[in-house]
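Structure first, then comments.
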There are 2 protein chains.
Amino acid sequence: MSRWGMATRRSDALSQQRIVAAAIEILDADGEQALTFRALAARLSTGAGAIYHHVANKNELLSAATEEVVGAVPGDSILAVALGLFDAIDAHPWAGAHLTREPGQDAMLAIYESLGGRLPALGVPERAWFDAVTVLANYVVGAAWQNAANGVEAARRRDTDRAAVLGAVADRWSADPERFPFVHAIAGALRAHDDREQFAAGVDLILAGILSISDQ
Amino acid sequence: MSRWGMATRRSDALSQQRIVAAAIEILDADGEQALTFRALAARLSTGAGAIYHHVANKNELLSAATEEVVGAVPGDSILAVALGLFDAIDAHPWAGAHLTREPGQDAMLAIYESLGGRLPALGVPERAWFDAVTVLANYVVGAAWQNAANGVEAARRRDTDRAAVLGAVADRWSADPERFPFVHAIAGALRAHDDREQFAAGVDLILAGILSISDQ
DNA sequence: ACCTGAACACCGTTCAAGT
DNA sequence: ACCTGAACACCGTTCAAGT
């Protein structure tokens, strides 16, 4: 064996990294239900059982894939980070689904850090940090996933775009003004709204609350 | 046949209502993964296929069960409604999981209505209603589900209580102060905190933001 | 040590056959 | 019309057997 024998190996040898990369390709191309160990093994030209030598189970695989696409979103401000997460979840809806399915996972840690890390510099007192970042993170992930789910729904119904999906939701919201007067009142705003802009307005509302609490 | 023949029938005849009630019993007793059509059919002394005459599929069944336990939470104020939802999701964690899995579902409509319906009386201008209720609903459902998931985790590890679970999370948050300085800084607050009280503080923060935006 | 792929123990859903 | 329960078309995961 040559002296670089160890370095070359089989060039297609399995690894966590290659498995997660292949999983992300499947998830992005065909959605969450397309990710099965059989499909993943086929794409990696191996057996389904081989994957278990590198990832413990499907949940860990999804967590690793989620960390890959939402970890370390850059941004100079809380709003910039929030919009970065919004875009990442819009591009990878399955990551939004996984983040909400497992609230305590490691990927959430990175989100807490990148959103909350800017609070001290804003002059927010330490006693408010925990509440502030909890509200921010829950809103950012929840609203981004809600938006991404609308995109998935629009893709599922091949004949409609995202505006049509929102219109359909607005119709449903308007359907029962007696039981749901408030929802009926905001249905128009839903129909007219721009997802990303509205998302940013929500972040601003929370920031206003944080600063208002801080002054007390 | 007697003249009350129609009214009596088989007393155990299937119906949406009975199926949903049985599903909730299974979900509350043994958790989400225990709800299978076979287990449900066994509890109802029928065949699995019979259920499909009354509910379209498992997703619809979960949606109906979720509406049952989080629909129409009473409360005089936004905080009271929010705490009612917190308690409902704490008592039925699977409902929290389902609400976050399907953001656009009907049960969410009721939540928007009960949380947002109090905004007009607070003097919040109509242009702020949509943002305000979106932030509120995402925080309430997200944070309540996060809390409930901690309870599920505590139950799963039979030897620990909820405080121990939070302590373990806090340990994880403290583990890497270089990469996660902010998370490290708030780990202490997590360990010490009271879930329900902290949840209420988050609602207050959002309400402060709503009122601050309203004054502009 | 890593890989293979058949086998196991399940699922949700369908559907011919019954009442 | 409603119910029955076997059958279908899958899953994630395990594990004996290979290299």
Side-chain angles (χ1 to χ4, degrees), chain A residues 1 4-27 29-66 94 97-98 101-102 105 156, chain B residues 1 4-27 29-66 94 97-98 101-102 105 156:
Chain A
M1 190 176 271
W4 43 272
M6 283 304 287
T8 51
R9 278 173 147 167
R10 282 171 56 194
S11 68
D12 62 339
L14 281 181
S15 67
Q16 246 242 38
Q17 219 178 79
R18 280 193 66 229
I19 291 169
V20 172
I24 291 175
E25 284 175 24
I26 292 174
L27 289 162
D30 298 308
E32 194 157 0
Q33 31 120 329
L35 181 66
T36 68
F37 275 71
R38 282 165 182 82
L40 190 54
R43 178 176 283 252
L44 292 163
S45 309
T46 184
I51 297 168
Y52 286 89
H53 286 272
H54 300 94
V55 300
N57 51 48
K58 189 176 182 180
N59 199 54
E60 270 216 357
L61 175 58
L62 269 168
S63 291
T66 299
W94 48 269
H98 189 67
R101 178 167 41 236
E102 297 245 302
Q105 70 190 285
R156 207 177 57 77
Chain B
M1 191 176 272
W4 42 272
M6 283 305 286
T8 51
R9 279 172 146 167
R10 283 170 54 192
S11 68
D12 62 338
L14 281 181
S15 66
Q16 245 243 36
Q17 220 177 79
R18 280 194 65 230
I19 291 169
V20 171
I24 290 174
E25 284 175 22
I26 292 174
L27 289 162
D30 298 310
E32 194 158 0
Q33 30 121 328
L35 181 66
T36 67
F37 275 70
R38 282 166 181 80
L40 190 55
R43 178 176 284 252
L44 292 163
S45 310
T46 185
I51 298 168
Y52 286 90
H53 286 273
H54 301 94
V55 299
N57 50 50
K58 190 176 182 179
N59 199 55
E60 269 215 356
L61 175 57
L62 269 169
S63 291
T66 299
W94 48 269
H98 190 67
R101 179 166 41 234
E102 296 245 303
Q105 70 190 284
R156 206 176 58 78

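Keep in mind the model is a prediction, meaning the values are calculated, not measured.
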Is a side-chain donor or acceptor of B/Lys58 paired with a backbone partner of B/Thr36 at a separation under 3.5 angstrom?
-> no

B/Glu60 meets the salt bridge (charged side-chain N to carboxylate O under 4.0 Å, His left out) criterion, sequence neighbours left out, with none

Compare all side-chain heavy atoms of B/His98 with those of B/Gln105 and state whether any distance is below 4.5 angstrom.
-> yes

Dot-bracket for DNA chain D, 5' to 3', Watson-Crick and G-U pairs with both distances under 3.5 Å, [ ] for crossing pairs, | for partner on another strand, reads ||.|||||...|||||.||

Nearest non-hydrogen partners of B/Ala23 and B/Leu40, listed with the distance | N-CD1, 3.6 Å

OP1, OP2 of D/dC2 versus side-chain N and O of B/His54: anything below 4.0 Å?
-> no

Evaluate whether atom CD of A/Gln17 has more than 12 neighbouring non-hydrogen atoms of other residues, nucleotides or ligands under 6.0 angstrom away.
-> no

Using modelled atom types only, decide if a donor and an acceptor are shared between the side chain of A/Arg18 and the backbone of A/Ala13 within a distance under 3.5 Å.
-> yes

Let me see the working for B/Leu61 and B/Asn57 under side chain to side chain contact (heavy atoms under 4.5 Å, CB included), right down to the final yes or no.
-> CA-CA 6 Å; B/Leu61 175 57; B/Asn57 50 50; over 6 Å; no

Polar-atom pairs under 3.5 Å, protein N or O versus N or O of nucleotides 10-12 of chain D: list them with distances, or write none.
unit_1	atom_1	unit_2	atom_2	d
D/dC11	N4	A/Arg38	NH2	3.4
D/dG12	OP1	A/Lys58	NZ	2.6
D/dG12	OP2	A/Phe37	N	3.2
D/dG12	N7	A/Arg38	NH1	2.9
D/dG12	O6	A/Arg38	NH2	2.8

Within this structure, what is the CG-to-C1' distance between A/Leu44 and C/dC2, rounded to whole angstrom?
-> 14 Å

Integer-rounded Å distance: C/dC2 P and A/Gln16 CD = 13 Å

With sequence neighbours left out, write down each residue that passes salt bridge (charged side-chain N to carboxylate O under 4.0 Å, His left out) with B/Arg43, or none if nothing qualifies.
-> B/Glu25

Can you tell me how far CZ of A/Phe37 sits from CD1 of A/Ile19, rounded to the nearest 0.5 angstrom?
-> 8.5 Å

Hey, what are the protein-to-nucleotides 16-19 of chain C N/O distances that come in under 3.5 Å?
none

By side-chain hydrogen bond (donor to acceptor under 3.5 Å, both in side chains), B/Asn59 pairs with (sequence neighbours left out) B/Glu102

